[in-house]
Number of protein chains: 2
Amino acid sequence: MSATIEDVAGRAGVSVATVSRALRGLPNVAPSTRERVTAAARDLHYVADPAASRLAGGRGLSVGIVVASLARWYDGQLLAGAEAELLGLDSAAGYELLPFSSGAIGGLDGFLEARPFRKRVEGLIVADGPLSDGQVDRIAEAGVALTTVGFLHEVAPGLTIDQAAAATSGVAHLRALGHRRVAWMGPVDHHGLGFTPSAERLRGYLAGREEGGLDADPGLVVPAELSPRGGAEAVRRLLELPTPPTGLVACSDELAIGAMQAARDAGFRVPGELSIVGIDDHDVSEYVGLTTIGQDVRAQGARAVQLLLAYLSEGTAEVVHEIVPTRLLVRRTTGPVRPGATSPTP
Amino acid sequence: MSATIEDVAGRAGVSVATVSRALRGLPNVAPSTRERVTAAARDLHYVADPAASRLAGGRGLSVGIVVASLARWYDGQLLAGAEAELLGLDSAAGYELLPFSSGAIGGLDGFLEARPFRKRVEGLIVADGPLSDGQVDRIAEAGVALTTVGFLHEVAPGLTIDQAAAATSGVAHLRALGHRRVAWMGPVDHHGLGFTPSAERLRGYLAGREEGGLDADPGLVVPAELSPRGGAEAVRRLLELPTPPTGLVACSDELAIGAMQAARDAGFRVPGELSIVGIDDHDVSEYVGLTTIGQDVRAQGARAVQLLLAYLSEGTAEVVHEIVPTRLLVRRTTGPVRPGATSPTP
DNA sequence: GTTCTGGCTGGAAACGCTTGCACATCCTGC
DNA sequence: GCAGGATGTGCAAGCGTTTCCAGCCAGAAC
């Protein structure tokens with residue numbers, strides 16, 4: 001059907017071994033020979049069969065990337081960043097990025113149980129939730145290199161924002177505006193105290209609240225699923241409180257956007273009666289005027305690929321951990337607390 | 001390093017051929033044998049090397065999916081839908097979804113020139129722009145099955161919304177509200193008259209405008225890049241017109257969201273002085289109150305996989321083309337034109 | 001004119017799996 | 001009892017590469 005290396009060898013009048021060397025740019029091939037082989041390959045529209053290459057050589061640069069859901073903004077950014085980096089490589093050919101969404105399989109646990117990445121990728125970028133030591137071991141056993149994004153693990157290279165600090169700075173921003181009653185919405189970890197990015201953010205919120213001596217009403221923390229819908233539902237519960245908050249930090253921008261609209265629908269002015277801060281700087285956040293703690297997710301995707309590749313080539317090099325910066329983007333959903341407005345007019 | 005089929009064969013006391021058959025559920029394997037093999041494989045944590053399987057058997061179920069950019073909402077939805085469908089398969093094991101973003105390579109042309117999918121996937125889902133006959137041929141030559149999403153090609157199965165009709169219905173909605181001066185924003189095809197989804201939508205807008213006898217001022221069509229930023233920039237140009245439009249149909253929701261905010265910033269009330277309709281029903285659209293022509297992108301991703309698989313297995317079956325429905329979602333960015341407000345107060 | 005390098009090249013053995021084919025066995029039904 | 005299917009299993013030939021190893025040939029050094 002399609003040309004094989006033997007066809008090329010025949011046409012160029014050399015052996016398959018030489019074709020292999022010539023085409024991959026290995027040394028010890030006479031320039032004239034290389035040229036002849038290249039021409040033959042071009043004429044025949046030859047490309048090496050990746051399966052065969054991989055079987056024979058062990059080589060192959062394919063990296064898997066584990067995200068929660070391909071449909072989420074964050075995960076799309078990460079993929080795009082990783083892909084761009086992979087394409088920019090010198091040996092651009094033969095790269096392969098395969099996404100796994102843990103949500104579609106049985107969560108991260110299910111994924112690591114089934115390990116569909118075995119014998120398939122050289123490296124794995126995990127951007128979903130924390131990894132237990134056991135899980136890291138399972139990945140290592142499979143012989144694949146690991147890099148994490150959004151959280152760190154002692155034995156694997158990785159990068160993340162300081163999740164807790166991001167949330168804390170959201171609280172601090174509101175406090176500086178005079179808010180004393182600042183709420184939180186986000187996923188709550190039912191399986192004990194996890195170290196997911198969301199849990200870290202919640203910790204950061206709690207720390208900021210305490211540090212600033214703000215209201216510590218437990219009712220100010222409401223669980224919410226990470227979507228605009230989740231934000232809308234959660235904010236309604238907050239606003240029904242006997243004394244509603246005047247400030248809100250949401251675990252993600254999607255949440256904040258949903259909350260923002262629902263609060264307005266409920267008759268609360270934003271930021272007049274409720275100031276809202278998100279985290280992430282989603283694409284549309286700028287355009288809905290959402291104040292947020294921004295991070296550059298795409299750059300993190302690219303950087304993760306770099307770390308993975310470095311780790312892969314340098315072998316036992318030291319484990320690199322990076323904390324990437326976030327920045328407060330003040331837009332139009334936060335403002336000074338209205339004098340004496342601890343209990344806003346409903 | 002990792003267990004091979006021979007290890008399993010040894011442990012189970014059978015030949016590798018039997019292991020292969022037993023593990024893949026082929027007939028003609030005694031139940032007791034199959035059980036023994038399965039146990040051995042489990043003990044050894046054996047998984048077949050996909051590269052070797054592929055080389056030997058030719059089989060493998062990997063599908064490539066070509067989108068414009070992994071970071072876009074639309075493309076994320078499509079991927080998620082396709083992945084879910086692939087995972088739901090009976091022979092769920094061994095599937096593989098590899099995304100290619102044409103934006104990151106040299107556009108769709110560059111992608112089809114390089115054809116990184118050769119000898120790598122059984123099928124390709126193309127969701128970016130139209131495909132010329134020549135391009136379809138190139139894909140066919142490579143021996144990969146093709147399915148299209150968002151547009152159709154005569155010789156390949158595919159599905160899409162009626163792009164033009166979607167835009168037309170946006171115009172019709174505004175007309176019904178009394179608008180006579182309805183603008184359009186979206187990408188314009190510089191390479192002659194393409195048949196990209198965007199170009200189709202523009203055609204639909206023009207048709208709707210004509211059909212309704214609306215203002216045909218050419219200045220009402222402004223080019224915009226498909227992002228919130230693009231929408232913001234484009235709407236500013238529209239509002240600077242001597243006679244600004246009272247209605248606007250945007251080629252996508254991202255565009256509409258950007259436009260919405262920028263219009264408000266410019267002092268125009270939405271929908272008081274400018275009514276806006278988007279297309280797609282982006283995740284956040286509901287929460288920013290955007291009126292839009294909605295489509296279920298995730299379902300399309302899933303359906304595309306079904307079509308591809310059917311085509312792959314039935315071989316020369318007839319080419320299936322499907323038009324999937326859209327629906328007008330009236331929210332809070334459209335309203336009746338204000339009496340005598342063809343020229344709104346700036 | 002030898003011998004010795006070193007650059008090029010080809011032969012052939014993997015790599016780990018699938019599958020066509022042949023070969024035992026064990027039932028059927030006569 | 002015996003031909004003739006089923007049924008279950010093993011052997012070995014690939015699949016298209018890469019890579020080890022050996023061999024060839026030119027030119028350099030003696």
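By the 4.5 Å heavy-atom criterion applied to side chains, B/Q77 and B/Q295 are not counted as neighbours.
Side-chain atoms of A/T160 come within 3.5 Å of backbone atoms of A/G150 as a donor-acceptor pair (strictly under, hydrogens ignored). Distance alone, capped at 3.5 Å, places no donor-acceptor pair between the A/R118 side chain and the B/V47 backbone. A donor-acceptor pair is defined here as one N or O able to donate and one able to accept, closer than 3.5 Å; no such pair exists between the side chain of B/H153 and the backbone of B/T147.
Rounded to whole Å, atom C1' of D/dG8 lies 16 Å from atom CD of B/E35. The distance between atom CD of B/E6 and atom C1' of C/dA14, rounded to the nearest whole Å, is 12 Å. Summarising the geometry, the separation between CZ on B/R54 and P on D/dT17 is reported as 13 Å, rounded to the nearest angstrom. Rounding to whole angstrom units, NZ of residue A/K119 and P of C/dG16 are separated by 8 Å. One can place CG of A/L23 at 10 Å from P of D/dT17, the figure rounded to the nearest angstrom. Following rounding to the nearest Å, A/Y46 (OH) and D/dT17 (C1') show an atom-to-atom distance of 7 Å. Taking atom CG on A/D49 and atom C1' on D/dT17, their separation rounds to 8 Å, with Å as the unit.
Counting non-hydrogen atoms under 4.0 angstrom, A/V47 reaches the backbone sugars and phosphates but no base.
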Protein-to-nucleotide contact annotation, 5' to 3' order, nucleotides 9-15 of chain D [B base; S sugar-phosphate only; - none; under 4.0 Å, heavy atom]: BBB--BB
CA sep, side-chain torsions, deciding dist, call: A/E96, A/R120, salt bridge (charged side-chain N to carboxylate O under 4.0 Å, His left out): CA-CA 10 Å; A/E96 213 164 56; A/R120 189 157 296 202; over 6 Å; no
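Looking only at atom types and distance, the side chain of B/R303 has a donor-acceptor partner in the side chain of B/Q306 under 3.5 Å away.
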